Amino acid sequence: MTAQIHYADVEVGTELPAASFPVTRATLVRYAGASGDFNPIHWNEKFAKEVGLPDVIAHGMFTMAEAIRVVTDWAGDPGAVVEYGVRFTKPVVVPNDDQGALIEVTAKVAAKLDDNRVRVDLTALSAGQKVLGMSRAVVQLAP
């Protein structure tokens with residue numbers, strides 16, 4: 001598979017389609033099982049609060065993975081992402097209710113690079129707070 005977006009069709013400032021990703025306690029349990037990360041801050045409210053957190057929080061790597069979906073969906077190929085990095089700035093707090101939390105992600109092309117690559121800057125918010133900082137991906141586009 002290769003990227004479905006062509007380099008020539010993209011300009012600096014091009015906005016990618018935004019997306020929202022719901023996160024519930026059940027989501028966290030499934031992710032813990034898949035990742036092997038059973039840290040109790042991700043599923044045990046009592047423990048999370050004892051260590052100073054406001055409530056159970058989503059795994060950082062889960063949050064990071066949800067955010068990059070905006071880029072992979074846009075590019076049409078997850079393999080088109082050749083670099084990706086973030087700073088974890090705030091946790092995604094997941095209450096124990098039917099709603100859980102929401103991760104809202106926007107992204108735009110910040111730079112056109114050599115070799116049909118672009119840098120995409122992402123913004124990820126939850127409860128109105130930025131949860132990822134310096135979230136950037138380099139994407140290999142079709143010629």
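Predicted, not measured: the structure shown is a model, and the values here were computed from it.
For Asp73, there are no salt bridge (Lys or Arg N to Asp or Glu O under 4.0 Å) partners, not counting sequence neighbours. For Thr24, the side-chain hydrogen bond (donor to acceptor under 3.5 Å, both in side chains) partners are Thr27, not counting sequence neighbours. Scanning for side-chain hydrogen bond (donor to acceptor under 3.5 Å, both in side chains) contacts around Asp37 gives an empty result, with sequence neighbours left out. With sequence neighbours excluded, no residue forms a salt bridge (Lys or Arg N to Asp or Glu O under 4.0 Å) with Glu83. Partners of Lys108 according to the side-chain hydrogen bond (donor to acceptor under 3.5 Å, both in side chains) rule, which considers only residues two or more places apart in sequence or in another chain, do not exist here. For Glu66, the salt bridge (Lys or Arg N to Asp or Glu O under 4.0 Å) criterion is met by Arg69, not counting sequence neighbours. Partners of Arg25 according to the side-chain hydrogen bond (donor to acceptor under 3.5 Å, both in side chains) rule, which considers only residues two or more places apart in sequence or in another chain, are Glu45, Asp55.
Interatomic distance, CG of Leu132 versus CD1 of Ile103, reported as 8.0 Å (0.5 Å rounding). In this structure, the separation between CG on Leu16 and OG1 on Thr72 is 10.0 Å, given to the nearest 0.5 Å.
Here side-chain hydrogen bond (donor to acceptor under 3.5 Å, both in side chains) pairs that include residues 85-107, with residues two or more places apart or in two chains, number zero. Residue pairs meeting the side-chain hydrogen bond (donor to acceptor under 3.5 Å, both in side chains) criterion with at least one partner in residues 123-141, sequence neighbours excluded, are Arg117-Gln140. Pairs passing the ring pair (Phe, Tyr, Trp, His ring centres under 6.0 Å) check and including a residue from residues 23-44, sequence neighbours excluded, read Tyr31-His59, Tyr31-Phe62, His42-His59. The list of ring pair (Phe, Tyr, Trp, His ring centres under 6.0 Å) pairs with a residue in residues 91-136, not counting sequence neighbours, is empty. Listed by first and then second residue, the ring pair (Phe, Tyr, Trp, His ring centres under 6.0 Å) pairs that reach into residues 71-101 come to none, sequence neighbours excluded.
Remark: of the listed residues Val10, Asp115, Asp9, Val10 is the sole one forming a side chain to side chain contact (heavy atoms under 4.5 Å, CB included) with Leu141.
Put simply, Val94 and Met64 are part of the same group of oily side chains (I, L, V, M, F, W, Y) that touch within less than 4.5 Å, one to the next.
Using a 4.5 Å cut-off on side-chain heavy atoms (C-beta onward), Ile41 and Val51 make contact.
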> Val12 and Lys112: side chain to side chain contact (heavy atoms under 4.5 Å, CB included), yes or no, with the steps?
Replying inline: CA-CA 7 Å; Val12 170; Lys112 291 186 84 168; 4.2 Å; yes

